[in-house]
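Structure first, then comments.
Computed from heavy atoms alone, side chains included, the values below leave out hydrogens, waters and symmetry copies.
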Amino acid sequence: MRTIVYTEPGSLQVQDRPVPTPGPGEVLVRVAWAGICGSDLLLWEGGFARVTPPVVVGHEFSGVIANANGAEGIQDGDRVVVEPLLNCGVCGRCTTGNYNVCEKLGLTGIDVDGAAADYVVVPAHRIHRIPDSLSLRDAAMAEPTAVAVHMCRRAEVRPGDSVYIAGAGPIGVLVALVARAFGAARILISEPSDQRREQVAALGFETFNPVTDDAASIANTFDIGFELTGVGAAAAGIVAAVRPQATILLGGLPHKPMELPVAAMVLKELVLRGSRTYRSEDVVKAIELLDAGQVPASTLITREVAIDDAIEGAFVQLRDVRSDMKILIRPDAGGDE
């Protein structure tokens with residue numbers, strides 16, 4: 001089978017590999033669609049010190065069960081998405097149900113071979129079936145949508161809330177869509193890129209240019225702020241934009257130390273929360289939102305490529321051009337639409 005393999009920092013290769021065999025507690029999935037995101041680019045750059053290459057990339061994916069391997073409640077032919085988290089099951093976080101912050105958390109497609117391939121082996125307990133009404137193509141958006149669901153739950157978005165989002169990348173747009181589904185009354189997305197602002201405006205969201213627009217016009221306005229850029233200036237803009245006793249959700253990982261206006265945060269009595277990945281209930285909700293059309297996956301998917309074309313057509317494109325919202329890879333053995 002054809003695969004995309006991270007071989008060393010800065011290097012991806014298309015390689016032929018044998019179809020993997022599932023072990024105890026595992027199933028074999030025939031991959032239909034695999035998405036790539038910023039974490040995949042970080043892996044490519046060597047940004048995960050814990051990872052020992054070579055490893056097949058890809059942790060956002062949908063597919064069909066090719067070998068249920070005796071797993072209870074799973075049958076060959078089931079249409080599924082896979083929750084790619086790998087946790088130890090015994091640390092304090094895992095035993096209290098918070099396995100998304102496991103002390104040894106790993107991911108399929110980063111720590112073990114992933115889904116940029118015709119087939120992938122995954123733990124049976126991480127399988128989520130999808131309804132017949134949801135296409136496998138759209139279902140490939142379940143993993144990043146689950147990230148947004150978890151963020152909105154951590155921020156406690158409620159009906160009537162006003163929401164400020166810094167960053168109109170894929171996660172920022174998904175957070176906006178999920179917040180709208182959760183009943184937020186006003187959603188403003190701050191983004192300096194003209195193209196990105198146009199994309200989110202087409203989805204019906206209010207936009208703000210942090211470079212040219214008047215920050216005073218939105219000061220002390222919002223109930224919740226989402227910082228999804230990892231940039232200090234964006235975080236400072238959120239602190240100014242939210243009202244006293246608001247919540248700020250930190251979801252962007254900074255590449256260097258980030259300064260925050262702590263004095264203003266203290267004086268406003270702001271609540272600061274982080275968010276990491278998701279849990280099973282978030283994946284279930286993501287599937288529900290995708291199936292209902294509240295997260296319009298087809299609008300967010302802007303490019304599709306085959307495995308042999310994916311290094312230039314997906315990874316380089318996403319790294320260097322950044323005009324796409326979501327790029328999907330379709331393996332040759334992929335399933336239906």
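Atom-to-atom distance recorded for Arg273:CZ and Ile224:CD1 is 9.0 Å, nearest 0.5 angstrom. We find the OG1-CD distance between Thr207 and Glu198 to be 9.5 Å, quoted to the nearest 0.5 Å. Atoms SG and CD, on Cys37 and Glu143 in that order, are 6.5 Å from each other to the nearest 0.5 Å. Atom CE of Met265 and atom CG of Leu270 lie 6.0 Å apart (nearest 0.5 Å). Put simply, CG on Leu12 and CG on Leu43 are 7.5 Å apart, with the number rounded to the nearest 0.5 Å. How far CD of Glu60 is from OG of Ser39: 8.0 Å, rounded to the nearest 0.5 Å.
Salt bridge annotation for Arg137-Glu304: present, with a cationic side-chain nitrogen under 4.0 angstrom from a carboxylate oxygen. A salt bridge does not link Arg30 to Asp118: none of the charged nitrogens lies less than 4.0 Å from a carboxylate oxygen. A salt bridge between Arg197 and Asp194 is present, with a side-chain N of the basic residue lying under 4.0 Å from a carboxylate O of the acidic one. Salt bridge status for Glu281 with Arg153: absent, with no side-chain N to carboxylate O gap under 4.0 Å.
Between the side chain of Thr299 and the main chain of Ala297, no donor-acceptor pair closer than 3.5 Å is present. Within the 3.5 Å criterion, the main-chain N or O of Ser193 finds a donor-acceptor partner in the side chain of Glu191. Looking at Thr302, its side chain does come within 3.5 Å of a backbone N or O of Met325 through a donor-acceptor pair. A side-chain donor-acceptor contact under 3.5 Å links Trp44 to the backbone of Gly10. Panel note: side chain Arg79, backbone Leu134; a donor-acceptor pair is recorded below 3.5 Å. Side chain of Lys326 to main chain of Pro144: no donor-acceptor pair is present (N/O by atom type, distance under 3.5 Å, no hydrogens or angles). At distances below 3.5 Å, not a single donor-acceptor pair connects side-chain atoms of Asp138 with backbone N or O atoms of Ser135. The backbone N or O of Leu28 sits nowhere less than 3.5 Å from a side-chain atom of Asn69 that would complete a donor-acceptor pair. Listed for the Thr247 side chain is no donor-acceptor partner under 3.5 Å among the backbone atoms of Val271.
Contact between Pro210 and Phe208 at its shortest, heavy atoms only, is CD-O, 3.4 Å. Cys94 and Gly89 get closest at one heavy-atom pair: SG-N, 3.3 Å. When all heavy atoms are compared, the tightest approach of Ile189 to Gly167 is CG2-O, 4.0 Å. Pro296 and Leu203 get closest at one heavy-atom pair: CG-CD2, 4.2 Å. Here the shortest heavy-atom pairing between Thr221 and Ser162 reads O-OG, 3.4 Å. Residues Cys102 and Cys88 come closest through the heavy atom pair SG-N, 3.3 Å.
Between Val295 and Leu300 the shortest side-chain heavy-atom distance falls below 4.5 Å. Annotation: side chain of Tyr119 is not in contact with side chain of Pro331 (no heavy-atom distance under 4.5 Å). Using a 4.5 Å heavy-atom threshold, the side chains of Val82 and Thr108 count as separate. Counting only heavy atoms from C-beta outward, the side chains of Phe315 and Ile4 approach each other to under 4.5 Å. By the 4.5 Å heavy-atom criterion applied to side chains, Arg2 and Asp16 are counted as neighbours. Between Asp40 and His59 there is a side-chain heavy-atom pair separated by less than 4.5 Å. Contact of the Leu260 side chain with the Val239 side chain is not registered, since no non-hydrogen atoms from C-beta on lie closer than 4.5 Å. Considering only heavy atoms from C-beta on, Phe222 stays 4.5 Å or farther from Ile238 through its side chain.
No more than 12 heavy atoms of other residues, nucleotides or ligands lie within 6.0 Å of CZ in Arg158, so this atom counts as exposed by the packing criterion. With a 6.0 Å radius and a threshold of 12 heavy atoms from other residues, nucleotides or ligands, Asp320 has its CG atom above the threshold.
Linking ILVMFWY side-chain heavy atoms closer than 4.5 Å, directly or via other members, places Leu328 and Ile311 in a single hydrophobic cluster. The hydrophobic clustering, which links ILVMFWY residues whose side-chain heavy atoms are closer than 4.5 Å, places Val31 and Val5 apart. Taken together through direct or relayed side-chain contacts under 4.5 Å among Ile, Leu, Val, Met, Phe, Trp and Tyr, Val121 and Val56 form parts of separate hydrophobic clusters. Linking Ile, Leu, Val, Met, Phe, Trp and Tyr whenever their side-chain heavy atoms come within less than 4.5 Å puts Val81 and Trp33 in one cluster. Under the 4.5 Å side-chain heavy-atom criterion for Ile, Leu, Val, Met, Phe, Trp and Tyr, Leu253 and Leu228 are members of distinct hydrophobic clusters.
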- Query: Under the side-chain contact (heavy atoms from CB on, under 4.5 Å) criterion, do His150 and Thr277 qualify, and how do the steps go?
  - Reply: CA-CA 7 Å; His150 190 68; Thr277 63; 6.0 Å; no
- side-chain contact (heavy atoms from CB on, under 4.5 Å) between Cys91 and Lys104, worked out: CA-CA 8 Å; Cys91 71; Lys104 298 180 180 179; over 6 Å; no
- Could you please spell out the steps behind the side-chain contact (heavy atoms from CB on, under 4.5 Å) verdict for Leu177 and Gln294? CA-CA 7 Å; Leu177 290 165; Gln294 290 176 289; over 6 Å; no
- Message: Using the rule given for side-chain contact (heavy atoms from CB on, under 4.5 Å), can you reason through Val55 versus Phe48, listing the C-alpha separation, both sets of side-chain angles and the distance that settles it, and then say yes or no?
- Response: CA-CA 12 Å; Val55 63; Phe48 291 101; over 6 Å; no
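In summary, the side chains of Arg276 and Asn100 do not present any donor paired with an acceptor at a separation below 3.5 Å, with no hydrogens or angles considered. At a cut-off of 3.5 Å, with distance as the only test, a side-chain donor of Asn87 or Arg126 sits close to an acceptor on the other residue. Side-chain N/O atoms of Ser280 and Glu83 include a donor and acceptor closer than 3.5 Å.
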